[in-house]
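Heads up: the structure comes next, in structure tokens.
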Amino acid sequence: MSATQEAKLHDVAIVGGGIIGIATAFRLAASGRRVLLIERDMPANAASRGNAGAFAFPAILPLASPGILFKAPKWLLDPLGPLAIPPAEFPAMLPWLLRFLRASMPDRIEASTAAQAALNRLTTEETAKLTREAGIDHLVRRDGALELYESEAEWRASLAAWKRCQEAGIEVEHVDGERLGELQPGLSPRLTNAVFMPQWQTVSDPRDYALALLKAAQDRGVKVMTGHVASLGETARGVRLTLENGREIEAQHAVLAAGPWSKTLAATLGDALPVTPERGYNTTLPPGAFDLKRQLIFAAHGFVITPLETGIRVGGASELARFDAPVNFKRSKHMLDKAAAFLPGLKREGGVEWMGSRPSMPDSLPVIGRSPRSPRVIHAFGHGHLGLTQSAATARLVSELILGENPSIDVSPFRPDRF
């Protein structure tokens with residue numbers, strides 16, 4: 001079949017079979033569009049497979065913040081700290097890091113927080129719609145989450161940030177003592193205070209959730225193809241996608257949702273975007289390793305513990321490194337050591353380690369919008385830690401752009417040419 005003939009079959013070609021691409025495919029198919037989803041590997045097999053499984057709707061404060069300027073130097077010098085750059089990777093990461101520090105200045109924070117809050121309000125609504133329409137609501141847990149502190153002083157230092165969240169409409173409950181033990185029995189006494197976020201949700205397993213959504217999208221006519229897209233380019237009728245094997249596919253529109261791999265493909269259009277791989281590590285322990293009631297967040301240490309259908313996942317941390325940099329599973333072991341200290345009854349045997357790369361932007365905001373050089377290509381990547389969280393909202397916004405509808409929120413903070 002020629003590229004011209006194949007183009008008649010698809011209104012939209014989506015590059016990337018992670019949760020962003022899958023959710024977008026579902027939403028466009030539900031709007032009546034013929035969609036081809038192209039994935040270089042297996043769908044939901046990268047960050048969508050091993051993430052923490054959270055719909056972190058209350059997470060509106062960007063990682064880039066004034067406080068990070070004081071923490072980052074200490075973290076970067078600790079190879080096992082919450083944010084690390086291996087020495088060999090530092091030259092390649094320096095341009096991103098400088099943008100990150102600039103985004104941490106006070107004059108940028110208010111705008112970034114407002115944009116993130118708007119996107120998360122939209123995704124709260126859209127996630128409920130998407131899971132209901134796809135018939136996968138049973139895969140969502142609505143237990144809330146606890147962010148934990150090791151002293152009252154540490155908790156008090158966080159109050160200004162929590163006040164900003166409350167001003168944005170986020171429900172929080174400050175807890176200690178008996179109430180803390182009620183929300184999560186078995187905590188170490190060194191954990192003295194916490195903040196409970198009832199709007200926080202998790203999924204039974206992030207890969208299972210993504211594949212169930214993919215099945216719902218396929219039931220609506222989405223076609224899935226394995227292939228490595230090497231370049232994108234304009235044609236008289238739309239967009240040409242050239243695969244590594246030389247095959248060409250033509251579509252009226254294309255969506256670039258390939259996570260950290262999007263940078264190289266965007267460059268084939270002439271779009272230079274500062275997205276970088278941000279590695280996360282985790283260990284998934286067998287079910288029954290601990291009686292975990294809800295996700296636990298240890299922000300000062302950069303990791304979370306999540307109850308999944310498939311076990312107890314201990315993971316997080318950020319390591320800025322290229323795809324081919326050596327894997328450092330000391331990071332996952334270090335987080336597991338900390339988890340065992342905070343949860344004395346945790347059974348550590350039988351864990352499976354994992355590492356995956358998230359697409360991270362310096363200002364903590366995703367890229368959602370038309371390519372400046374090829375308007376029929378929509379960029380949808382760079383969500384960092386919030387890919388699963390913001391997938392439904394991103395799908396809605398991309399669908400609206402392709403369908404020529406007014407976006408549900410102002411998308412200018414997410415525009416590709418903001419740097």
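The structure presented is a predicted model; accordingly, all values stated were derived computationally and were not measured. Just the heavy atoms: all of them, side chains too, but no hydrogens, waters or symmetry mates, feed the values below.
- Looking at every heavy atom in both residues, P206 comes nearest to N51 through CB-OD1, 3.3 Å.
- Using a 4.0 Å cut-off between a side-chain N of Lys or Arg and a carboxylate O of Asp or Glu, D143 and R141 qualify as a salt bridge.
- Screening residues 368-391 for salt bridge (Lys or Arg N to Asp or Glu O under 4.0 Å) gives D271-R373 as the qualifying pairs, with residues at least two apart or on separate chains.
- The pair R418-D363 meets the salt-bridge criterion, with a side-chain N (NZ, NE, NH1 or NH2) lying under 4.0 Å from an Asp/Glu carboxylate O.
- Residues satisfying the ring-ring contact (aromatic ring centres under 6.0 Å, His included) criterion with F55, sequence neighbours excluded, are F57, Y209.
- Using a distance-only test at 3.5 Å, with no hydrogens or angles considered, a donor-acceptor pair links the side chain of T131 to the main chain of A128.
- The side-chain heavy atoms of L37 and L214, taken from C-beta on, include a pair separated by under 4.5 Å.
- The distance from the CH2 atom of W354 to the OH atom of Y281 is 10.5 Å, given to the nearest 0.5 Å.
- A distance of 8.5 Å separates CZ of R164 from CD1 of I170, quoted to the nearest 0.5 Å.
- Residues R179 and E173 are paired through a salt bridge, judged by an N-O separation under 4.0 Å between the basic side chain and the carboxylate.
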Show your reasoning for whether side-chain hydrogen bond (donor to acceptor under 3.5 Å, both in side chains) applies to T202 and Q295. CA-CA 8 Å; T202 55; Q295 188 173 75; over 6 Å; no

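- The environment of K223 atom NZ is sparse: at most 12 non-hydrogen atoms of other residues, nucleotides or ligands sit within 6.0 angstrom.
- Side-chain N or O atoms of S332 include one that pairs as donor or acceptor with a backbone N or O of F329 at under 3.5 Å.
- Side chain of D11 to backbone of R34: a donor-acceptor contact under 3.5 angstrom is found.
- Nearest heavy atoms, P43 versus V224: CG-CG1, 4.3 Å.
- In the displayed structure, E309 atom CD is contacted under 6.0 Å by at most 12 heavy atoms of other residues, nucleotides or ligands.
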Side chain to side chain contact (heavy atoms under 4.5 Å, CB included) evaluation trace for K293 with D291: CA-CA 6 Å; K293 303 300 184 183; D291 185 16; 3.0 Å; yes

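- Within 6.0 Å of CG in D107 there are more than 12 heavy atoms belonging to other residues, nucleotides or ligands.
- When all heavy atoms are compared, the tightest approach of S112 to P62 is CB-CG, 4.0 Å.
- The OG1 atom of T192 sits 11.0 Å away from the CG atom of L187 when rounded to the nearest 0.5 Å.
- Between E133 and R27, at least one side-chain N (NZ, or NE/NH1/NH2) sits under 4.0 Å from a carboxylate O, which counts as a salt bridge.
- Here the two rings, on H301 and F342, have centers that are under 6.0 Å apart.
- The distance from the CD1 atom of I305 to the CD1 atom of I312 is 8.5 Å, given to the nearest 0.5 Å.
- Considering only heavy atoms from C-beta on, I60 comes within 4.5 Å of C165 through its side chain.
- For the pair S188 (side chain) and L191 (backbone), a donor-acceptor distance under 3.5 Å is absent.
- Side-chain contact between F196 and V172: absent, with no pair of heavy atoms (C-beta onward) separated by less than 4.5 Å.
- Only one option out of Q116, E126, H385 pairs with Q390 in a side-chain hydrogen bond (donor to acceptor under 3.5 Å, both in side chains); it is Q116.
- A distance below 6.0 Å separates the ring centres of H379 and F381.
- Distance alone, capped at 3.5 Å, places no donor-acceptor pair between the R396 side chain and the A392 backbone.
- When the shell of 6.0 Å around CD of E178 is examined, it contains 12 or fewer heavy atoms from other residues, nucleotides or ligands.
- No side-chain heavy atom of E400 sits under 4.5 Å from any side-chain heavy atom of I402.
- Rounding to the nearest 0.5 angstrom, the gap separating the NE2 atom in H174 from the CG atom in N193 is 10.0 Å.
- In this structure, R415 contributes its side chain and S412 its backbone to a donor-acceptor pair below 3.5 Å.
- Put simply, the side chain of I38 reaches to within 4.5 Å of the side chain of I249, judged on heavy atoms.
- Within the 3.5 Å criterion, the main-chain N or O of S151 finds no donor-acceptor partner in the side chain of R156.
- Minimum heavy-atom separation, D208 to L139: O-CD1, 4.3 Å.
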Tell me, with the steps shown, if T276 and R322 meet side chain to side chain contact (heavy atoms under 4.5 Å, CB included). CA-CA 8 Å; T276 195; R322 291 167 293 182; over 6 Å; no

Mind running side chain to side chain contact (heavy atoms under 4.5 Å, CB included) on L336 and L285 for me, showing each step along the way? CA-CA 10 Å; L336 192 58; L285 301 170; 4.0 Å; yes

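- A donor-acceptor contact shorter than 3.5 Å links the side chain of S158 to the backbone of W155.
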Let me see the working for M225 and L36 under side chain to side chain contact (heavy atoms under 4.5 Å, CB included), right down to the final yes or no. CA-CA 7 Å; M225 188 184 87; L36 174 66; 3.9 Å; yes

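- The distance from the CD1 atom of I109 to the OG atom of S104 is 5.5 Å, given to the nearest 0.5 Å.
- With hydrogens and angles disregarded, no donor-acceptor distance shorter than 3.5 Å links the side chain of R348 to the backbone of A339.
- Salt bridge annotation for E353-K333: present, with a cationic side-chain nitrogen under 4.0 angstrom from a carboxylate oxygen.
- Side-chain contact between F100 and L63 is present, with at least one heavy-atom pair separated by less than 4.5 Å.
- Smallest separation of non-hydrogen atoms from G345 and F290: C-CD1, 3.8 Å.
- Here the side chains of N282 and V314 are not in contact, with every heavy-atom distance at 4.5 Å or above.
- Here the side chain of R294 pairs a donor or acceptor atom with the backbone of L183 at under 3.5 angstrom.
- Under the 4.5 Å side-chain criterion, counting only non-hydrogen atoms from C-beta, F90 is not in contact with L320.
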